[in-house]
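Here is the structure we will look at.
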Amino acid sequence: MATGHTDPQRRARIIAAALDLIAEEGLAAVSHRKIAKRAGVPLGSMTYHFSGIDELLREAFSEFTGHIVAVFDTYLAAPAGREEARTAVADLVHALSEGSSRDLVLTQELYSLAARRPAYRELTHEWMRRSRSHLEKHFDPDTARQLDALIEGLTLHRALSREPHDRSLTLEAIARVTTTDRREP
């Protein structure tokens, strides 16, 4: 690991360390000192790279939401038709709910932060806008909005359930929401 003035990855390591700390210990545990230690950087680097903890959190959560939108893109960019899109949404729900618990925790931490502090809602609004833009390639805007909420809910329920529902229930829920699509013949 490079140190001193020749450390071009320092800022990125600080952001990664902040996200790791939030995922492992929660937002309440975040401090400049803990993040610097985890990132392996001098404490002064925190104020050199970020004006304060709010700027660091905004950048860290912005990077995280970009990661989640990229996951949406992976699943929803390729489907050619509505049925393929429904299947892709089910694949997305199952991938998110069976995947990284880190992503699940970071999502909930961001939602809680945005609920308490309106300044962070811009991040969640942008995240929703970007994920809905993928859904709107296949469904009308109202259906995309409902489907986006369904994805969040099904993912959370599957991830936290002792007995997660199976794929057939996911597909049934998606079909129920998307059969009222105004663009469907």
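Numbers here simply count residues along the sequence, with the first being 1.
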Fellow cluster residues of Tyr48, listed by chain then number, with links counted only when side-chain atoms sit under 4.5 Å apart: none
Electrostatic pair Asp20:Arg102 at N-O distance under 4.0 angstrom: yes
Heavy-atom pair with the smallest gap, counting every atom of Leu76 and Ala88: CD2-CB, 3.8 Å
Geometric class of the Phe61/Phe64 ring pair [parallel <30°, tilted 30-60°, perpendicular >60°]: perpendicular
Sidechain-backbone polar pair: Arg82 side chain, His138 backbone, donor-acceptor under 3.5 Å: yes
Gap between atom CD1 of Ile53 and atom NE2 of His32 - 0.5 Å precision: 4.5 Å
Candidate pair Asp103 and Ile68, rule side-chain contact (heavy atoms from CB on, under 4.5 Å), full reasoning: CA-CA 8 Å; Asp103 287 353; Ile68 295 297; 4.0 Å; yes
Any donor-acceptor N/O pair, Asp166 side chain to Leu169 backbone, under 3.5 Å: yes
ring-ring contact (aromatic ring centres under 6.0 Å, His included) contacts touching residues 80-114 (sequence neighbours left out): Tyr111-Trp127
Check against side-chain contact (heavy atoms from CB on, under 4.5 Å), His49 and Ile15: CA-CA 10 Å; His49 289 286; Ile15 290 171; over 6 Å; no
hydrophobic_cluster_shared for Ile22 and Val105, side chain cutoff 4.5 Å: no
Nearest heavy-atom neighbours spanning Arg13 and Gly40: NH2-O, 4.0 Å
From His67 atom NE2 to Ser62 atom OG, the distance as rounded to the nearest 0.5 Å: 13.5 Å
Point-to-point distance, once rounded to the nearest 0.5 Å, from CG of Leu57 to CD of Glu109: 10.0 Å
Inter-residue atom distance Phe50.CZ - Leu56.CG, 0.5 Å rounding: 5.0 Å
By side chain to side chain contact (heavy atoms under 4.5 Å, CB included) - contacts of Met128 (at least two apart): Thr124, Arg132, Asp148
Side-chain ion pair, Glu24 and Lys34, N-O less than 4.0 Å: no
Shared hydrophobic cluster, Val30 / Leu123 (ILVMFWY, side-chain heavy atoms < 4.5 Å): yes
Considering all heavy atoms, the nearest Ala77-Lys137 contact: CA-NZ, 4.5 Å
Heavy-atom pair of closest approach, residues Leu154 and Ala173: CD1-CB, 4.1 Å
Flag, side chain of Arg158 to backbone of His165, donor-acceptor distance under 3.5 Å: yes
Gap between atom OG of Ser112 and atom CZ of Arg117 - 0.5 Å precision: 12.5 Å
Smallest separation among heavy atoms of Leu21 and Ser31, with atom names: CD2-N, 4.3 Å
Short side-chain to backbone donor-acceptor contact, Ser133 and Arg130, under 3.5 Å: yes
Ionic contact status for Glu126 with Arg129, cut-off 4.0 Å: yes
Leu150/Val93 under side-chain contact (heavy atoms from CB on, under 4.5 Å): CA gap, chis, key distance, verdict: CA-CA 9 Å; Leu150 180 69; Val93 167; over 6 Å; no
Heavy-atom closest pair, residues Arg116 and Pro118: O-CD, 3.7 Å
Candidate list Ile151, Asp140, Thr143, Thr178, test side chain to side chain contact (heavy atoms under 4.5 Å, CB included), partner Leu135, passing option: Ile151
Side-chain touch Thr179/Arg86, heavy atoms, less than 4.5 angstrom: yes
Beyond-backbone contact of Arg58 with Leu113, side-chain heavy atoms, under 4.5 angstrom: no
Between CG on residue Leu19 and CG on residue Leu106, distance to nearest 0.5 Å: 5.5 Å
